[in-house]
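Read the structure below first, then the notes.
If you're wondering where the values come from, they're calculated on a predicted model, not measured in any experiment. Here is how names work: the chains are called A, B, and so on, in the same order as the sequence lines, proteins then strands, and each is numbered from 1.
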2 protein chains.
Amino acid sequence: MGNIRIAVPRGAEAGDGERLGLGVLSSLLGFRFRRIQNHLARGLVSIPDLAANRPGLLSSLAIISANPGVSQVMLAREAGLDKATLVMIIDDLEHAGLARRKRDTDDRRRNLLFTTPKGEKMLEQWIALARGNEAKVRACLTPAEFDQLSEMLDRIYDSCFGAVEG
Amino acid sequence: MGNIRIAVPRGAEAGDGERLGLGVLSSLLGFRFRRIQNHLARGLVSIPDLAANRPGLLSSLAIISANPGVSQVMLAREAGLDKATLVMIIDDLEHAGLARRKRDTDDRRRNLLFTTPKGEKMLEQWIALARGNEAKVRACLTPAEFDQLSEMLDRIYDSCFGAVEG
DNA sequence: TATTGTTATACTCTATAACTATA
DNA sequence: TATAGTTATAGAGTATAACAATA
């Protein structure tokens with residue numbers, strides 16, 4: 001279970017190779033997500049040659065591409081962002097000519113979102129770069145494990161946060 | 001593979017129940033981590049009845065508890081934080097009487113970290129609360145899946161970020 | 001009255017680099 | 001010269017609430 005490993009630095013420079021135990025933390029997932037994401041995010045910062053580079057920019061473009069005509073609230077929900085944050089992201093995408101808003105004629109409160117050809121092209125390049133950034137991570141997993149991990153993460157998100165209820 | 005689902009809002013209020021496709025995003029893990037963590041973090045904000053409540057506070061306390069005498073850099077590496085951030089966390093823990101620094105007599109640059117009895121007590125309560133916050137997530141997984149997911153996440157972190165090399 | 005999108009503001013978190021003391 | 005810890009600061013990210021337009 002715990003497999004707690006006491007690391008008492010006794011002159012021995014244990015530090016480098018030693019792995020610390022997680023103790024009671026083993027029963028939590030939240031910290032595992034955070035510490036991975038903390039490191040992964042750093043590598044992603046320098047990916048695109050675009051002015052602004054907010055987190056969620058690439059995700060949003062990809063989801064718009066996969067769901068042409070999606071509304072902003074639906075996109076926000078699927079991307080795990082709030083609607084206020086998304087406004088700035090769509091602004092950036094629109095100013096860069098990668099996506100565009102189109103007022104819904106049926107429900108004039110809504111904006112329908114679409115990618116541009118330029119956006120599609122850029123999306124391909126970004127995805128390739130992002131994949132490169134995750135190459136080390138994928139190298140730790142077999143293809144079957146990757147699929148399994150993806151499936152579990154999607155299930156968690158859809159069940160817990162993707163639903164209408166907050 | 002992609003199973004892309006076009007969601008064209010045609011008067012039909014598809015919005016609520018519909019699930020959007022992820023398209024090319026399916027090949028990435030980073031966004032999956034982020035969107036889950038974005039939501040999970042919100043629930044954790046209101047957990048402890050302590051003054052400051054930085055992310056990483058609970059994780060740090062738990063790791064200290066499982067590894068008495070750990071140094072700050074080792075802890076920072078294991079928790080996925082940088083050493084500057086950790087200083088503030090340890091300050092908070094020390095001021096709250098939950099942990100304490102002890103100068104290493106062998107290498108006087110280092111601080112050895114220990115929990116206090118009060119810290120141990122608080123840790124138990126926090127872990128219980130944090131587990132409650134993750135209850136929904138665990139409900140999505142079988143016990144076997146939970147272990148499998150934990151193992152994969154730990155492997156990813158250790159292989160990619162836990163090593164000495166950055 | 002509820003929802004979509006928007007804006008502005010304040011707050012939190014993080015990254016960086018410089019500094020000390022020890023080694 | 002390198003490492004452990006500290007500090008200060010600027011910048012990035014996020015949450016909040018109020019608002020207009022539409023339903």
Original post:
What is the distance from CG of A:L81 to P of D:dA12, rounded to the nearest Å?
Top reply: 18 Å
Subject >> Atom-to-atom span, CZ of A:R34 to C1' of C:dC13 - whole angstrom >> reply: 11 Å
Original post:
In whole angstrom, what separates A:D107's CG from C:dA2's C1'?
Top reply: 12 Å
Original post:
Considering only C:dG5, D:dA4, D:dT14, which nucleotide approaches the side chain of B:R110 most closely?
Top reply: D:dA4
Original post:
With a 4.0 Å cut-off on heavy atoms, is B:V87 in touch with a base, just the backbone sugar-phosphate, or nothing at all?
Top reply: base
Original post:
Quick one: which of D:dA4, C:dT6, C:dT14 gets closest to the side chain of B:T85?
Top reply: C:dT14
**OP:** Indicate whether any N or O donor in one side chain lies under 3.5 Å from an N or O acceptor in the other, for B:S27 and A:R131.
**Re:** yes
**OP:** Check the distance between C:dT6's C1' and A:R103's CZ and give it to me in whole angstrom.
**Re:** 10 Å
Original post:
Under 6.0 Å from the six-membered ring centre of B:F146 and within 45° of its axis: does the NZ or CZ of B:R138 meet both?
Top reply: yes
Subject >> B:P55 side chain, from C-beta outward: closest of D:dA2, C:dC13, D:dG5 >> reply: C:dC13
Original post:
Is the shortest side-chain N/O distance from B:N38 to OP1 or OP2 of D:dA15 below 4.0 Å?
Top reply: no
**OP:** Indicate the atoms forming the closest heavy-atom contact of A:L58 with A:A130, along with that distance.
**Re:** CD2-CB, 3.9 Å
**OP:** Specify the separation, in whole Å, of atom CD of B:E94 and atom C1' of D:dT6.
**Re:** 13 Å
**OP:** To the nearest Å, give me how far apart CZ (B:R109) and C1' (C:dC19) are.
**Re:** 16 Å
Original post:
Parallel under 30°, tilted from 30 to 60°, perpendicular over 60°: which one fits the rings of A:F33 and B:F33?
Top reply: tilted
**OP:** Between C:dA17, D:dT22, C:dG5, spot the one nearest the side chain of A:R108, thanks.
**Re:** D:dT22
**OP:** Report the distance from atom CG of B:L75 to atom P of D:dT3, rounded to the nearest whole Å.
**Re:** 19 Å
Subject >> Whole angstrom value for the distance that separates C1' of D:dT3 from CE of B:M74 >> reply: 14 Å
Subject >> Nucleotide of C:dC13, C:dT22, D:dT7 approaching B:D91 most closely (side-chain heavy atoms) >> reply: D:dT7
Original post:
What's the closest nucleotide to the A:R101 side chain, out of D:dT22, C:dT6, D:dT14?
Top reply: C:dT6
Subject >> Most 5' of A:K83 and B:Q72 on DNA chain D, judged by nearest nucleotide >> reply: B:Q72
Original post:
Looking at CE of A:M88 and CG of A:D91, how far apart are the two atoms once the value is rounded to the nearest 0.5 Å?
Top reply: 8.5 Å
Original post:
From C:dT7, D:dT22, D:dA8, pick the nucleotide closest to the side chain of A:A84?
Top reply: C:dT7
